[in-house]
Amino acid sequence: MPVNAISWEPTKMLSLPYGNKICGSKNKSNRFPEFNAVLDVQSMPSNDPPQCNKTLSKRFEMPNPKPDAQGSINESKKVHLHKLHQGLASCSSMAELKQYHAQIVKLGLQADNDAIGRIVKFCAISRNGDLGYALEIINTLPHPDAFIYNTVFRGFLQFRLSDDCIRLYSQMLRNSVTPNKFTFPPVVRACAFGNSIDEGKQIHAQVLKFGFRSDGFSQNNLIHMYASFESLDDARKVFDKMPQRDVVSWTTLITGFSQSGRVDEAREVFETMPEKTPASWNAMIAAYVQTDRFREAFSLFDEMRLNRVELDKFVAASMLSACTGLGAMKQGEWIHDYIKRNAIEIDPKLSTTIIDMYCKCGALEKAIEAFNELPSKGVSAWNCMIGGFATHGKGENAIELFEKMEGESVKPDYITFVNVLSACAHSGLVEKGRYIFRHMVETHGISPGTEHYGCMVDLLGRAGLFDEAVKLISEMPMEPDVGVMGALLGACKIHKNVELGERIGKKVIELEPENSGRYVLLANIYATASKWDDVANVRKLMNDRGVKKTPGFSVIEVGSTVNEFIAGGRAHPESREIYAKVDEMLAGIRSIGYVPETESVLLDIGEEDTENPLFYHSEKLAIGFGLLKSKPGEVLRITKNLRVCKDCHEASKLISKFYNREIIVRDRSRFHHFEEGACSCNDYW
DNA sequence: GACTAGGCGT
């Protein structure tokens, strides 16, 4: 995109409002050598209303440029112009716009800021605009006004061209155009987006010097800017110094703390808010959801309802996501019903959230129903539904839906193919996967990324096609990442390919030394080959590096309560009954052939004890609790944070047979539907 | 003539 050519002057720093405390690790210094000179406001008076310094004001002593050389616009021109403005308001394309522009030029108004401002506005910020054209126009104007500059700032911001926005701002000053209150919100946001810390601080100085200390919009954007620099102390200072804070100031600060991972401080701010809007409630609820603190999200949501605050689409989305996190389908269903009952707009984001909730809660049928109900389906809804089929091991359905999507002329994107390929991998559809991989490139012109390669390696590896998988990796145009290598490692585990597994395992561990799962996998590969010394070495390496195994937990929703279990845990108030039920359950399945499987446990415990922790894996406790609390025939839905271990998998199959129950377990990477002694994954996970 | 806060998935 063409950007104005500007000649720059030597630099000179100005003093900053808040010292230089921000550490600029992410700061890009010296990107705007011109900037400091232009932004020199040392000599500017700070009185309201905004003024500029003497040098600048000279320009403003000149009479404003008149629309035409002869003087004011005559009456017939005025009428014509009025009609033009009306037409422009409903203009829908650049072709049409250029015709209006031509007429304005014909009227001799090519330098008239009022008329040209409307043209620039369309180009810069309309959906069918052309920012480049706006820039060309601005370069031809002898005296573009603040409105025109501000409009183009917004245009730059829409395209995330923050550096260009900042450059144009300095050009505005060089052209002696005084910023107004609409100038700073977009310019400050540009600094935030571009992580331009030095420039941001200087522009902050300008906000004050130009007299916008009391302008809520400018100040709120400054809060946002410092928060995005993760300089919460400065954000807080701006907030504290504001003569009048509004609900946006509070909400911005809450989000700032939350996005810097300081959720508890966000809560403190939230608690002190004088009045709360749904946006403020949601900012806090989302803070909990984003940090997996789902229970706190639920309890805040209850509080919100007690305060008679109605939920809107944002709160609904956050809470649906909390339901997804906990596997709390009934609660999620309640929110979905609420959305429908209250005609809350289901936009593309909300629709993916709804579908994802049902998919991840194991209710594929309900997800399909929700998907079919959507009045219009964006690509993300299709992606989400295809991904749902994939994780449920319904590869054929995923492909069928993908073909339907193509049939309805919805353009598949990068993610679509990640999900379709992952569906092929989960269902072992090798030939189809190879075809889709080619189809993606040849028909849709999407070049494969690491995720696509990861899926292909997963697919080929699971099918035992190691040579082809290794060859594919060697052909990758980029470095294979840990996802790709991890997929190969997983395949080595399944097929007991010790030699390759050892090589890849070591590599993967070095790529991700803090991920305990990788060590466990390598240790298990050694264990299957009875290489006990190597098992011990991996374990020692883990200990030496202080890498802890992720504690496993499982969650089951019974009635309206969500119950969480950790392996061997006894924190549940009914733990005695639960353990008794688990013992009964294990005795039951032993009678139909259950033999505890110990292979997949990292052997860091004595032989004798090996059996017990397996008996009481969180998943078995959750199933025991489910059997205890649910009616016969009711489906048990369990969500687990780790992958199902081989023993639990075998046990779950037999439990489903012994008790004649359908059990749906969501693990870290997919779903297992246990029914009549078999699993939907065909023991292939 | 116009500006700022909160949501999803891969």
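The sequence lines fix the lettering, A, B, ..., with proteins before strands; numbering per chain opens at 1.
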Checking all strands, does [X] fall into the base, sugar-phosphate, or nothing category for heavy-atom contacts under 4.0 angstrom?
| X | answer |
| --- | --- |
| Gln290(A) | sugar-phosphate |
| Arg189(A) | sugar-phosphate |
| Pro348(A) | nothing |
| Thr277(A) | base |
| Val247(A) | base |
| Asp347(A) | base |
| Asn150(A) | base |
| Lys276(A) | nothing |
| Gly117(A) | base |
| Thr352(A) | base |

Kindly indicate whether the side chain of [X] and the base of [N] share any N or O donor-acceptor pair separated by less than 3.5 Å?
| X | N | result |
| --- | --- | --- |
| Asp312(A) | dG6(B) | yes |
| Asn221(A) | dT4(B) | no |
| Asn419(A) | dG9(B) | no |

Tell me every residue that passes side-chain hydrogen bond (donor to acceptor under 3.5 Å, both in side chains) with Gln103(A), counting only those two or more places apart in sequence or in another chain.
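Partners of Gln103(A) by the side-chain hydrogen bond (donor to acceptor under 3.5 Å, both in side chains) criterion, ordered by chain and then number, come out as His80(A).
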
What distance separates Glu406(A) CD from His444(A) NE2, expressed to the nearest 0.5 Å?
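Answer rounded to 0.5 Å: 3.5 Å.
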
What is the distance from atom CD1 of Ile116(A) to atom CD1 of Ile119(A), rounded to the nearest 0.5 Å?
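Here the rounded value is 6.0 Å.
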
From [options], nucleotide with atom closest to [X] side chain:
| X | options | answer |
| --- | --- | --- |
| Ser321(A) | dC3(B), dC8(B), dG6(B) | dC8(B) |
| Thr353(A) | dG1(B), dG7(B), dC8(B) | dC8(B) |
| Thr251(A) | dG7(B), dG9(B), dG6(B) | dG6(B) |
| Ala279(A) | dG6(B), dG9(B), dG1(B) | dG6(B) |

Under 4.0 angstrom between Gln259(A) side-chain N/O and dG6(B) OP1 or OP2:
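No, no such contact exists.
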
Return the minimal non-hydrogen interatomic distance between Val177(A) and Ala146(A), and the atom names on each side.
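Taking Val177(A) first and Ala146(A) second, the nearest heavy atoms are CG1-N, 3.7 Å.
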
Stacking of Trp250(A) on dA5(B) base (centres under 5.5 Å, planes under 30°):
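Ring-base stacking flag not set for Trp250(A) and dA5(B).
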
Stacking here means centres under 5.5 Å and planes under 30°; does Phe182(A) stack on dA2(B)?
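Yes; centroid distance and tilt both under limits.
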
Could you check whether Lys360(A) makes a cation-pi contact with Phe671(A), meaning its NZ or CZ is under 6.0 Å from the centre of the six-membered ring and within 45° of the ring axis?
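The answer is no; the distance or angle limit is not met.
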
Would you check if the distance from the ring center of Phe270(A) to the ring center of Phe257(A) is below 6.0 Å?
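No, ring centres 6.0 Å or more apart.
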
Asn220(A) CG to dC3(B) P: how many Å, rounded?
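Checked: the CG to P distance equals 15 Å.
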
